[in-house]
Engineer: 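To start, I am sharing the structure in question, which I have written as structure tokens.
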Amino acid sequence: MQPTQRRLANAIRALAMDAVEAANSGHPGMPMGMADAATALFTRHLKYDPADPHWPDRDRFVLSAGHGSMLIYALLYLTGYERPTLNDIKRFRQLGSPCAGHPENFELAGVEATTGPLGQGLAMAVGMAIAERHLNAIYGDDLVDHRTFVIASDGDLMEGINHEAVGLAGHLKLGRLIVLWDDNRITIDGSTDLSRGEDVVARYAAGGWHTLECDGLDAGKVSRALDEAIADERPTLIRCKTIIGYGAPNKQGTAATHGAALGKEEVEAARRELGWDYPPFEIPADVAKGWRAAGQRGSVDRAEWHRRLDASKAKDKFLARIAGKVDDRWLKPHLDSLIAKPPTVATRKASEMALEAINAAIPATLGGSADLTGSNNTKTKGQEPLTADNYGGRYIYYGIREFGMAAAMNGMALHGGVIPYGGTFLIFSDYCRPAIRLSALQKAKVIYVMTHDSIGLGEDGPTHQPIEHLQSLRAMPQLEVYRPADAVETAECWAAALASEGPSVLALTRQNLSPVRTKSSARNLSAHGAYRLKKAEAARKVILIATGSEVEIACAVAERLEGQGIGADVVSMPSTERFDAQDAEYREEILPDVSNRQILRVSIEAGATVGWERYTGLHGLRIGIDRFGGSAPAKDLYEHFGLTPDAITAKILEKLGK
Ligand SMILES: Cc1ncc(C[n+]2csc(CCOP(=O)(O)OP(=O)(O)O)c2C)c(N)n1
Ligand SMILES: [Mg+2]
């Protein structure tokens, strides 16, 4: 006899209880409450094949409520993915187990996105749904025709980013996005009545979403709702009425099941309640068989898809695009034209010039801005907007939704086939920061174009002038921050970012900069993170280390010092992370022995000085700004904050005792 959907679902409940019990840590409540809904999705609707978890036309599933990680670990195990194994699940939350506390995309195939920071999973799913429609517009139904499903919790829907995600998905009419809301009316502090009064469904409906409601503990009813959702052209929110910790007779429906082991007695009582008469971690044969059969449903679809792919003229292009290959042949002719006629432009403009070449050469780029297109210079000629009527467009008007944009870009990068880049002011990297962190953690190839990178933006004043942002972004692991000094460096930084496997931030100026790189170079010097732009003429006494707009100031300082017989190197350092990643020999060649007091090292950057001592040594000089900026023309501010060649030269001479 075939096991019922409830019996299949109880396998999820049992594994969740047992794994959390073994770890004495974790969240049993959410998987137990949503087990039936997840069973409906994974046995009847979701298109996937555990034998090829990366099959490009699979449906995407995002467990936005990442604390319920045992739900997805159980599903992957039961449906027959290679990992996690039962042993991995037994070692839930232990060092070395891919069954991490929260699902990590880099640990398990089948985990499409790292989730845990509430709200972001759903917002990433919006990006996946955009990428799907975009690629569908290019390659057609034969190659790209899938959906994005999300399980989201009360917390996911309370977070501010949910507003941005709902707005974006509704506006772009992402009908292939379906969200199952675990409406258990419980959060950590207790009832949702403590903190939520809004009509969530009405909010979604107002955003242009299709909304449904069902008993989330009845797989058949969830399945009918999913059919309705799939049939509708709008994105759908399915409100699944559930009970947190369902099956645990004394604790279900309470916050006690949210994030702690149920305890031996309650687990035993739950086994009785659910009619689950098996020892911990044991899945009875009929249930194992039922789940395996569900996991094999997709193999037919996958085989048919491969047949269509083989017959497609676009096959090679499609596969190269999914593999994320980027062509850098645009770079050399672009650099040649810059060297031939070095432009005095802001680096945001230089970025636009690079993008003209990049977007022509690399069809995978998908640009956008959070309502600062004309300031970020992110849109190139001929780039059409991506809209509900034209998903083939390559430019997204994200609106004033920095966090939503960043999270959506993560989703696009994770989906594959597109390289998203998006702009805002560097100051508002703070509004994107939680998503930038997830770009870094997930190694999602997203390029952040962040302009107006210092007091150099001028009159908008301290609310708009980044101070601590560069250093705080540099502190983030697995993120590369670039601050190019002119048009040549900007192009090189773009090339480095495009070649990188993870995310990058390009910090770009509003104000014009004089070219500092006027000779061609066989190598991408910026990709080394730092390089000697100018060698000392007199005996070297000083090394000036500068980034971005301050490199031309450093050059002027060096000239003044040389005029007094003091030799000064100028090192341009567009990326500290890249420099740190060079071999010791290279680093030593550019910045010899930092403890050597015969050479004064000076950092110059119009931002926080904290951290620069690693390159200057404590005995060096750190020129920067350790207070909020001011409201005035850029030139006046540079003078006010002592960021001029004369003021800096005077400080250096004083330090040298001259
Ligand atoms: C951005 C963010 N804030 C806080 C948390 C900590 N946290 C984890 S789950 C949760 C809320 C739990 O309520 P709900 O989302 O309804 O999940 P349920 O308990 O119903 O499973 C919180 C505050 C988090 N993971 N992410
Ligand atoms: Mg809840």
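Numbering of ligands and ligand atoms starts at 1, following listing order. When reading the values below, keep in mind they use all heavy atoms of this one structure, side chains included, and skip hydrogens, waters and symmetry mates.
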Engineer: Checking side-chain polar atoms at under 3.5 Å, does His415 have a donor or acceptor matched by the opposite partner on His146?
Structural biologist: yes
Engineer: Between Glu501 and Lys445, does any NZ, NE, NH1 or NH2 come within less than 4.0 Å of an OD or OE carboxylate oxygen?
Structural biologist: no
Engineer: For ligand 1, give me the residues whose heavy-atom distance to it is below 4.0 Å, by chain and number please.
Structural biologist: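 Ligand 1 is contacted, at a heavy-atom distance under 4.0 Å, by Met30, His67, Gly116, Pro117, Leu118, Ser153, Asp154, Gly155, Glu159, Asn184, Ile186, Thr187, Ile188, Ile244, His258.
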Engineer: With a 3.5 Å cut-off and no angle check, do the side chains of Tyr204 and Thr236 form a donor-acceptor pair?
Structural biologist: no
Engineer: Are the charged groups of Arg474 and Glu480 less than 4.0 angstrom apart, N to O?
Structural biologist: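 Looking at Glu480 together with Arg474, the answer is no, because their closest N to O distance does not fall below 4.0 Å.
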Engineer: What I want to check is whether the side chains of Ser97 and Asp88 have a donor and an acceptor closer together than 3.5 Å.
Structural biologist: no
Engineer: If we only count heavy atoms from C-beta on, is the Pro98 to Glu104 side-chain gap below 4.5 Å?
Structural biologist: no
Engineer: So, Ser69 versus His27: side-chain donor-acceptor pair below 3.5 Å or not?
Structural biologist: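 Note: Ser69 and His27 side chains miss the donor-acceptor criterion.
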Engineer: Identify which protein N/O/S atoms are less than 2.8 Å from the Mg ion (ligand 2).
Structural biologist: Asp154 OD2, Asn184 OD1, Ile186 O
Engineer: Quick check: closest heavy atoms across Pro28 and Pro31, and the distance to 0.1 Å?
Structural biologist: O-CD, 3.2 Å
Engineer: So, for Tyr77 and Arg292, which heavy atoms are closest and what is the spacing to 0.1 Å?
Structural biologist: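 So the two residues come closest at O-NH2, 3.9 Å.
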